[in-house]
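A note on names: the letters A, B, ... follow the listed sequences, proteins ahead of strands, and every chain is numbered from 1. Side chains are part of it too, since the values below use all heavy atoms of this structure and drop only hydrogens, waters and symmetry mates. Only a predicted model underlies this, so the values are computations on that prediction, with no experimental measurement involved.
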Amino acid sequence: MMLARSVTCCLVAALAGLALMPETVSAQKRGGTLVMLVQPEPPTLASYISTSGPIGQVATKVYEGLLEYDFSLKPLPGLAESWTVSPDGKTITFRLQKGVKFSDGKPFTSGDVKFSVLEVLKKLHPRGAITFRDVTDIDTPDEHTAVFRLAKPAPYLMMALSGYESPMLPKHLLEGSDVKTNKLGNSPVGTGPYTFVEWQRGQYMRFDRNPSYWKKPAPYLMMALSGYESPMLPKHLLEGSDVKTNKLGNSPVGTGPYTFVEWQRGQYMRFDRNPSYWKKGRPYLDRIVARFVADSATRTAAIEKGEAHVGGFGAIPYSDVKALAKLPHIETTTRGYEMQSPIVQLDFNTQRPPFDNQKVRQAISYAINRKFVIDNIWFSFGKPATGPISSNFAVAGLYTPDVQSYNVPNGIQIANTLLDEAGLRRGANGTRVEIVHDITPYGEEWQRYGEYVQQVLAELGIKATLRHEDVPTWLRRIYTDYDFQLTNNWIQTLADPVIGVHRLYHSKSIRPGVVFVNGSRWSSPRTDELMDLATVEPNPGKRAGFYKELQQLLVQAAPLVWVHELHFVTVHNKQFKDLIVSPLGLYAPFDRVYLDK
Amino acid sequence: MIDVARRFLRSRSAMLGLSILSVVIVVAAAAPVVFPGSPFRRVDQPLLPPFGAYLFGTDVLGRDVAAGIAHGARTSLMIGVLATAVAVAVGTVVGGVAGFYGGRPDDVLMRMTEFFQTIPTFLFAILLVAILTPSTKSIVIAIAVVSWPAVARLVRGEFLAMRGREFVVACVCLGMSDRRVIFRHILPNCLSPIVVTGSLIVATAILVESALSFLGLGDPNTMSWGFMIGAGRTFLRTAWWLCTVPGVAILLTVVAINLLGEGLNDTLNPRLRNR
């Protein structure tokens, strides 16, 4: 089974490689201007202070991170040309690329790394406090080395935990037998980087590489070092000033392939090629212009007419995507969002009737027809969700479909039974209970989704009144006052569950006033424990085990309804090649993009 | 009175308006009978074209568009009439007091009216609905708040003119109470312009309600024409009927009310009698 799957993976990868070949081989041409449609206009370019979606699409062309990632979420060299993780996992040494300059000509050094992470990201980035929680210090022995120190180890103990001093043995092979004579003594099975193959006595022993070796550096930190999540900033421009009000926020200076030129508010931002970019010969484009067009029909027309060349994250309404996809010069893709992995949900207030009752929550989860929602509200751009972790994490082994399934054909019937069992009987007029259903104010599909849920609830005998408010009022209601019963919502589960998922379920994430955290206020000691364990567990297998149990417990408790994994679509002009080359998609630096007329 | 009725019946445009409006009123009244249950209810496959199993087809969630039109007519008419009633009542009181008493009360009330008039009507309505959270009540309040100043200014003008007329002066000399003068003698004589303005406010109110719902600021629990257009706008290329049908409904209703208002103006205003 496992073998079959990995073979398929290899095949897919090989085919994908083949498919990419011609483009990679054909010479990239220099020149050209790419026009991106960015919707809405970002409030600022300080990607180190705000994570509002559109900022990442533009700021990442200027700022870079220590690492980049491939589609299977594997870290690749970025500003760090290489890295090593100490055996205890508490020290990570990054070797930085040499000759890297910020776009103002100053060299990029380890001092910038230390400053970016400790002084800015850890303190000011909305997720930085969590991402770099365990980074206590960063040493900079020379200009091109940055050593991350993670939460303090006990040194004496650390000296006694080596594989030489205290090897970890397979209990399942040793238990119940005489350890002294067990054949393990001649054919060792351990967790190390190589597996034992054969021992030709008197001649040789052979060890082959362990293909499933666990040591992938730092389970989640490595997933957070992209230019989008953790941009490297110029210390010389920020130091000694108030980072929040520094003018860098509106005129960024980074090390990226493009330099910031101007921002005509309400109209466009312009970025020109960085002539001294450290990757020789790149970028290929002369210029990137980010245009802000408020009307969705105009955006569609701009792409259609070739006045703009790329738009993603909902800039092109789903209803127009299919028509555009049929045009010969347009290409659409749902790739490039693997580090976002948004899930469409219904959030319960689990501290308030009737949704303080698990059976009632499960009933609602059963009643939602996920296929109908995806097909009719999101134009088929989605995939039924099974639980809190997106199936995009399957490549990292963290996702399991092996949970209680609510996506069943007779959902309404089961739901009615569960509601009866929960003691919510139908009254004389067929109504069990009346509730208010809040609608997240992020666009019209959410309103339609609310109307759909209202009708489903009506079938269950739950009379729901819809409430539609503006963004700040809704955020305050859900995340500060907890004055709601049921709201629709969507959450990006990001590059790793520690960054994107834990915040929704951990008891420590019940923090009034902090948005997009645990507004449902459901938690349990065991699920908290599992998340804490998974945060620090370096062994992918064990980590996957924790997440499997977590997913099973959460899905059963149903603090939310996970309706579907939302697929964003990027629509772009075919003349531009190599636009979407990593899971960061539009958040990538675009140094490889080229124009081929 | 009979004379007025006869003149009204002879006005072709007024009769056209009246007949269209009657149809709308009948549809609105019959909605719960012909289309029982919630108009938000899913009845069939999404996006069925019109003139098939359903007169006006179904929308993106499989809701009957015809049911939406019928129930939307109720919303539009109800909000139009209610908002107008409030606006006319407030406007008449303010304008009447200002016009009758003049002097300081007039100054104070008219400065206040002007203050309201300086704010762009529709933006003010959006602001009010956003603050009060969208519901039928808040929409009625918002439309009334932006509509009363026009009535107030009109009524003030009428009252000012009436105030100096001989029959009013005679009443005052006879020692009649202010209330009696206002309600028995002045107001009845100002009624025709108020009725005409009121009918036009109904039309404006329907348009404002539709525009608010179109922008997603309508009562999310009430079916309305503006909401239907807003929800169908994304499908303009693929399902034309979603916007067209409610759009035509709004157009006809507003035109009908305007024709009616004009007809009333023609018949009630003696100076225009022989136009």
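Contact between B:Pro46 and A:Asn376 at its shortest, heavy atoms only, is CG-OD1, 3.0 Å.
Here the CZ-CG distance, from A:Arg448 to B:Asp59, works out to 8.5 Å after rounding to the nearest 0.5 Å. Atom CD1 of A:Ile377 sits about 5.0 Å away from atom CG of B:Leu61, to the nearest 0.5 Å. We find the CZ-CD distance between B:Arg41 and A:Glu459 to be 10.0 Å, quoted to the nearest 0.5 Å. Distance check, rounded to the nearest 0.5 Å: CE of B:Met223 to CD of A:Glu451 gives 7.0 Å.
A:Glu445 does not touch chain B: none of its heavy atoms, backbone or side chain, sits under 4.5 Å away. Interface remark: B:Ser135 contributes no atoms to any contact with chain A (heavy atom separation under 4.5 Å). In this structure, no portion of A:Tyr449 lies under 4.5 Å from any heavy atom of chain B. Within the 4.5 angstrom heavy-atom criterion, atoms from both the backbone and the side chain of B:Phe40 approach chain A. A:Phe372 touches chain B through its side chain: at least one heavy atom from C-beta onward sits under 4.5 Å away, while N, CA, C and O do not. Of the two parts of A:Ala458, neither the backbone nor the side chain holds a non-hydrogen atom closer than 4.5 Å to a non-hydrogen atom of chain B.
Here A:Gln455 is the residue among A:Gln447, A:Arg467, A:Gln455, A:His468 with the most heavy-atom pairs under 4.5 Å with chain B. Contacts with chain A were tallied for B:Gly62, B:Pro220, B:Ala130; B:Pro220 has the most, counting heavy-atom pairs under 4.5 Å.
Within 6.0 Å of the NZ atom in A:Lys574, the count of heavy atoms belonging to other residues, nucleotides or ligands exceeds 12.
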